[in-house]
Structures are given as C-alpha cells and as structure tokens.
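Only one structure is covered here, and it is reproduced in the block below.
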Amino acid sequence: MKPVCSLLQRSLLLTLIAGSSACANEPSDTSHGMAVPVDNPIVLQRADPQLVRHDNGCFTFIGTSPKFDEIALRQACRLNDLKLAEEKVIWRKRESGPMSANIWAPELHEVDGDWYIYFAAGDKDTPFSIRMYALKNTHDDPMKGKWETVGLMKTHLDTFSLDATTFTHNDKRYLVWAQQNAEQTYNSALWIAEMDSPVTVKAPIVKISEPTLDWEIQGYKVNEGASVVKHGDKLFMTYSASATDHRYAMGLLWAQADADLLDPASWHKEQEPVFTTAPELGRFGPGHNSFVKGKDGETDLMIYHSRDYKELQGSPLSDPNRHARARVLTWDENGFPQFRNHEPD
C-alpha cells in the first residue's frame with residue numbers, strides 16, 4: 001500500500017492554503033484544469049458531503065456532523081481551504097420530539113430565490129423513526145440571515161425516509177429521496193416526484209430503483225443518497241447501497257434528457273457498482289456523493305465520503321471515520337461518467 005500522511009498533519013500544514021500537497025508520496029491529479037490539485041480529504045469527519053458553487057466561484061460546504069446533533073456550514077473560495085475554514089452552526093437538534101436525534105444528510109439548495117436545507121432526523125425516544133424535514137433562509141448568503149424550521153416534508157408514505165435532493169430539468173423541479181416501502185421489505189428505495197413548492201411534492205410519486213442486486217443488500221437492503229448530474233443528452237443519477245461500512249458502494253442510473261423522468265422505464269440501471277472500496281488506495285465504503293462544478297465553472301467534481309480504514313471502532317454510526325473528498329469526474333466518448341474506481345483522487 002502507498003504511504004499515507006496522517007490526516008491531522010494534512011489539515012494543519014499551511015502549505016494547503018497554497019494548494020500544494022502536504023505529502024510528497026501521495027499522487028496528485030492535476031488533470032481537472034483548475035489552478036491547483038485537490039488535496040484530500042477536503043473536510044475531516046463529515047459524511048454525506050455536498051458543495052454549492054456560487055456565482056463568484058466560491059463554495060459552501062455542508063455535511064453530516066459526526067455527533068448527529070447539528071447542521072453547520074462553512075465557506076471557502078478554494079477547495080483546499082475548506083478544511084481550514086471556520087464552521088458556523090446554523091441549527092441544532094431539538095430537546096425532544098421530532099428532529100431531536102440522528103440529524104443526517106443535510107443538503108443545501110437555492111430554490112425560487114431562497115435557501116433551503118433538506119435533512120433527515122428522528123425522535124430521541126425512537127431515534128430511527130427517520131423522516132425528512134426542511135429549513136429556510138431568505139438571505140442571499142446562506143451563512144447569514146436566519147434559518148427557520150419549515151417542518152416535515154410529507155410523501156405518499158409515513159415510513160423511514162431520508163436523503164432528499166432536488167434538481168431542475170426542462171423547467172420542472174423534481175425531488176428524489178430514499179424511503180422504505182409500505183411492506184417494509186427493505187430499508188429504502190429511490191423515489192422521484194415533481195415538486196409543487198420548495199418543500200412539497202405532487203402525484204405521481206414514482207419508484208425508480210429498489211435494492212435487489214447482490215451488492216445493494218450487503219448488511220442492509222438500501223438505495224439512498226441520490227445525486228443528479230447532467231451531461232450531453234443524458235441525466236445520470238448516482239446512489240449508494242448496502243451497510244455504511246466497507247461494503248458501502250455507489251451505483252448508477254441514467255435517463256435520456258428527453259425522456260419522461262416520472263416513467264420508471266425511462267431509468268436504466270447499471271448492474272455493477274461504479275465506485276467501491278479500494279484497499280490499495282486507503283479507501284473504504286465510499287458513497288453518498290454530490291456533484292458540483294469546479295472553480296473554473298466547467299470541470300465536473302464528485303464530492304463523496306469514504307473511510308480510511310476497514311476495522312471500525314464501534315459501529316458504522318459511532319465511528320466518525322468518514323471524511324469528505326473530491327475527485328474529478330471525466331466522461332467517455334459515449335458521454336458516460338468515468339469514475340476511475342482504482343485510480344487515486
């Protein structure tokens with residue numbers, strides 16, 4: 001295995017501010033066309049990471065706090081500065097009742113001129129009664145202004161649900177999320193619906209992927225953590241599956257850009273995972289990714305979390321060893337994403 005610098009060393013060295021690598025033995029990928037190579041991890045101990053790129057080329061980062069008790073944001077104009085940026089807690093869990101436990105997978109989106117954070121949460125008395133909720137901020141800058149609780153995001157079922165994300169296509173806004181079926185035969189499938197407000201969906205609500213493949217049902221039967229990226233004449237949707245240890249991995253759905261996205265037949269599913277554990281790279285359980293344009297406004301980046309060791313200290317939820325990373329997403333001659341599974345970031 002290649003030499004690996006300590007994450008603490010990498011986060012403290014001031015050379016990161018200049019974008020240089022803190023560890024000469026680790027390979028750097030400068031093919032992304034940005035000014036400096038990405039120095040991973042971009043943020044320590046933050047799972048389910050997401051970046052929002054603003055018009056000025058700067059970024060806002062959001063992810064799951066390792067204590068599952070708060071939602072925080074940080075901003076930087078260079079990826080390599082995010083790990084050093086001051087974090088601002090914008091919301092904390094409630095003392096009791098809904099939204100009082102397991103604050104998971106927050107995502108930041110600008111919808112109709114306002115900022116929204118979609119997140120999942122449980123009740124401290126029933127911590128895995130996970131449902132989706134929303135916060136709202138009318139300020140231009142999500143780090144400023146006041147975040148207010150909008151409340152529960154209702155779907156067609158009152159079951160375990162999480163990982164809401166949104167995207168627009170052909171002048172329509174869609175919500176995609178993970179939710180358990182009424183029969184409770186699996187943990188979660190992927191559902192899609194058109195939105196009629198920033199926090200509500202309308203019929204039809206359509207299931208587009210269930211955990212049926214062998215690699216999707218390791219430990220738990222899961223399809224979750226969807227994210228959408230458009231390229232050429234296609235829409236691609238990544239998702240994550242299985243338990244959140246080293247077996248966690250990413251899959252891929254895709255649809256033609258002119259297809260009916262609410263028709264399950266429009267979505268084609270790759271039968272094998274596209275991004276997986278690679279022990280030779282020190283990568284274990286990669287997943288719950290998002291996509292963002294790089295500093296140049298052109299390069300596609302995939303933001304994801306992974307662990308840097310296999311043997312967990314406690315459970316997958318109690319071990320905070322999930323770090324946010326970034327890698328360049330390239331495209332093949334047919335317009336499909338190339339995840340370069342066994343290449344370093």
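Only a predicted model underlies this, so the values are computations on that prediction, with no experimental measurement involved.
By the 6.0 Å contact criterion, NZ on K310 is open, its count of non-hydrogen atoms from other residues, nucleotides or ligands being 12 or less. Within a 6.0 Å radius of OH in Y220, other residues, nucleotides and ligands contribute 12 heavy atoms or fewer.
Side-chain contact, D296 with T299: a donor N or O sits under 3.5 Å from an acceptor N or O. Judged purely by distance below 3.5 Å, without hydrogens or angles, the side chains of N289 and S227 never pair a donor atom with an acceptor atom. With no hydrogens or angles considered, a side-chain donor-acceptor pair links N223 and S209 at under 3.5 Å.
Side chain of S188 to main chain of V222: no donor-acceptor pair is present (N/O by atom type, distance under 3.5 Å, no hydrogens or angles). Checking side-chain atoms of S306 against main-chain N and O of R283 turns up no donor-acceptor pair under 3.5 Å.
Evaluation of the ring-ring contact (aromatic ring centres under 6.0 Å, His included) rule for F336 yields F236, W254 as partners, not counting sequence neighbours. Judged as a ring-ring contact (aromatic ring centres under 6.0 Å, His included), and not counting sequence neighbours, the contacts of F167 are Y174. Y118 meets the ring-ring contact (aromatic ring centres under 6.0 Å, His included) test with H109; sequence neighbours excluded. Partners of P264 by side-chain contact (heavy atoms from CB on, under 4.5 Å), not counting sequence neighbours, listed by chain and number: V206.
When side chains are defined from C-beta on, Y186 counts as touching E210, because their heavy atoms get closer than 4.5 Å. Residues F284 and P279 meet the side-chain proximity criterion, which asks for heavy atoms closer than 4.5 Å. Counting heavy atoms from C-beta outward, T60 and H54 have side chains that approach closer than 4.5 Å.
Residue pairs satisfying the disulfide (SG to SG under 2.5 Å) criterion with at least one member in residues 65-94, sequence neighbours excluded, are listed as follows: C58-C77. Applying the disulfide (SG to SG under 2.5 Å) test to pairs two or more places apart or on separate chains, none has a residue in residues 79-111.
Residues L261 and W267 come closest through the heavy atom pair O-NE1, 3.0 Å.
Ionic pairing of E216 and K269 is present here: one or more N-O contacts between side-chain nitrogen and carboxylate oxygen are shorter than 4.0 angstrom. Ion pairing between a basic and an acidic side chain is recognised when a charged N comes within 4.0 Å of a carboxylate O; K293 and D300 show such pairing. A salt bridge is absent between E70 and K88: the closest approach of a Lys/Arg side-chain nitrogen to an acidic carboxylate oxygen does not fall below 4.0 angstrom.
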If you apply the rule salt bridge (charged side-chain N to carboxylate O under 4.0 Å, His left out), what do you find for D196 with K202, and how did you get there? CA-CA 6 Å; D196 54 6; K202 63 181 181 180; over 6 Å; no

Salt bridge (charged side-chain N to carboxylate O under 4.0 Å, His left out), that's the test. Do D69 and K93 meet it? Break it down for me. CA-CA 5 Å; D69 61 348; K93 69 178 183 180; 5.8 Å; no

Kindly determine whether E87 and R74 satisfy salt bridge (charged side-chain N to carboxylate O under 4.0 Å, His left out), including the steps that lead there. CA-CA 5 Å; E87 195 170 62; R74 64 178 73 189; 3.2 Å; yes

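Ring geometry for Y304 versus F275: interplanar angle over 60°, hence perpendicular rather than tilted (30 to 60°).
Hydrophobic clustering (side-chain heavy atoms under 4.5 Å, transitive across Ile, Leu, Val, Met, Phe, Trp, Tyr) keeps W191 apart from M237.
Tested against L162, the residues W104, W177, F119 include a single side-chain contact (heavy atoms from CB on, under 4.5 Å) partner, W104.
Two rings, from H305 and Y248, have their centers less than 6.0 Å apart.
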